[in-house]
2 protein chains.
Amino acid sequence: MSAEIARAAKGPPRKRTNDPEGLRNKVLDVAEASFQARGYHASALGELMATAGVTGGALHHHFPTKKALALAVIEERVAAALDETWISPVRAAGSAREGVRAVFEAVAAELERQGFVRGCPLNNLAHELSLADPDFRLALAGIFAGWRQAIADKIRADQQAGREQGTDPERFAALAIAAYSGAMSMAKTAQDASVLRDCLAELEGSPTPPFGAKRRRRILLRPGKP
Amino acid sequence: MSAEIARAAKGPPRKRTNDPEGLRNKVLDVAEASFQARGYHASALGELMATAGVTGGALHHHFPTKKALALAVIEERVAAALDETWISPVRAAGSAREGVRAVFEAVAAELERQGFVRGCPLNNLAHELSLADPDFRLALAGIFAGWRQAIADKIRADQQAGREQGTDPERFAALAIAAYSGAMSMAKTAQDASVLRDCLAELEGSPTPPFGAKRRRRILLRPGKP
DNA sequence: TATAAAACAGACCGGTTGTCCTGTTTTGTC
DNA sequence: GACAAAACAGGACAACCGGTCTGTTTTATA
């Protein structure tokens, strides 16, 4: 038994410091990671409490039900993650196509660096929860809609600058998101991020690589066991 | 209480007819539907047994564990469903692009007819189970690989006939699958199949529809409650 | 028809899960 | 400092889940 635990167990009743926001964030952190790694149904609140170092009373005070916790993860964390990885970079890019390309490459590079593909948080939860509960579905659909609109808006901005005249903004956004989502699904299942680059290359219509050129095969599968 | 139940409950010990294959198929039917509608973890074996009209002993005889049942669903049913909806039509089509287009349209039409989007069986399970268990992941990855190879092979056949000279078979297949998977994910979350047509149109580079043309919005959401 | 194996019936159990409930402590407010 | 509300502690519990177990019936084989 570690000294810390022993002290906590045998020491005199220590002072407690209330930090509702901090505790809430800690729970959200652990829940986000657990939902991403194991999914909603496979995540047990007991283990979540133990990992976060939170008691049942505290958890129930901030999130009355498991559903409420998941809804908070979706609306706060998943949406924010998508903003950071997709929406902001696309907005900041020189054009919509450049933005999409940059995101694809950045994600592929990050996955190869990590050596493990956990999949897209939004798609992971969307698949598991869309049919399970209307509230889940609506929350997830809203995030998808915002994603699509951000890309479509970027195309429209390009068009106002005289570019992308032959492009339909909504269609382009739909395909970009679908290609990314589907590629992540394949990458997660195969534990190989190279399919992201394949999809990007085909999406951009880049020339076929010379015959006989070895296709780099990134062997991943180095499960991060914390 | 229905007459049937009363008879079954009070009548003399009736004859039993062993039908291992039929019973196995019935269980597989119900499991496939339940996994598709609710996912693996949310599917309880108890309800599955009740729906299929099968006792615990019989279920355990054919499928020792829940995992074994899921593996059978994946290897037999999910693979077969993909063969029927994707691989066979693509092989039978005049070209790879025609095949992909036909599948997209057929699925979109079917979804609109059904009035409900349950999502792609393969992707549904892939998202939930890929990280949960290596056996699941390998089985699912194999199906993805076969899917991709079938499309790539069709491109190669086109190339031997003098077409698609500038197309990379593997990349084309990857994007076709990713676009479909991702579009199904969005369609399932939004309960709107129109995104499938959007992705197909963009994938084929079809001309932008005239400005002001109403985008047909298929309102779905007619959950099949059996 | 004898017999062994396969097919099936149905109860049982240990473990887990999400939620609830009753207290206690901290914190903001007058 | 009084006091009410918020924040937190921690146990209890009922429902449920998946797996196991024993026993019975059917079926294939000889």
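Convention: sequence-line order gives letters A, B, ...; per-chain numbering from 1.
Residue H60(A) contributes atom NE2, which lies 14 Å from atom C1' of dA12(D) at whole-angstrom precision. dA12(D) atom P lies 20 Å from atom CG of L45(A), rounded to whole Å. Here the C1' atom of nucleotide dT17(C) and the CG atom of L59(A) are 13 Å apart, to the nearest Å. Rounded to whole angstrom, the span from the CE atom of M49(B) across to the P atom of dC17(D) amounts to 11 Å. For K67(B) and dG18(D), the NZ to P distance is 15 Å, given to the nearest whole Å. One can place CG of L23(B) at 15 Å from C1' of dT27(D), the figure rounded to the nearest angstrom. To the nearest angstrom, P of dA6(D) lies 18 Å from CG of D19(A). Atoms NZ (K26(B)) and C1' (dA7(C)) sit 14 Å apart, rounded to a whole Å.
Relative to the side chain of T55(A), the nucleotides dA9(D), dC8(C), dC20(C) differ in distance, and dA9(D) lies closest. Minimum atom distance to the side chain of A44(B) is reached by dG18(D), of the listed dG18(D), dA9(D), dT19(C).
For the residue pair K188(A) / N124(A), a side-chain donor-acceptor distance below 3.5 Å is found, with atom types taken as modelled. For the residue pair T189(A)/S130(B), the side-chain donor-acceptor check at 3.5 Å is satisfied. Remark: the H41(A) side chain and the H41(B) side chain contain no N/O donor-acceptor pair separated by less than 3.5 Å.
Inter-residue side-chain proximity for E202(A) and R197(A) is flagged as unmet; no heavy-atom pair is nearer than 4.5 Å. Contact of the V195(B) side chain with the R148(A) side chain is registered, since non-hydrogen atoms from C-beta on lie closer than 4.5 Å.
R16(A) contributes no side-chain N or O that forms a donor-acceptor pair with the base of dT26(C) under 3.5 Å.
Both G57(A) and N18(B) lie near DNA chain D, and the one whose nearest nucleotide falls closer to the 5' end is G57(A). Annotation: of the two residues near DNA chain D, Y40(B) and T17(B), the 5′-most nearest-nucleotide partner is Y40(B).
Using a 4.0 Å heavy-atom distance criterion, H62(B) is classed as a sugar-phosphate-only contact.
Checking the phosphate oxygens (OP1, OP2) of dA6(C), no side-chain nitrogen or oxygen of H61(B) falls inside 4.0 Å.
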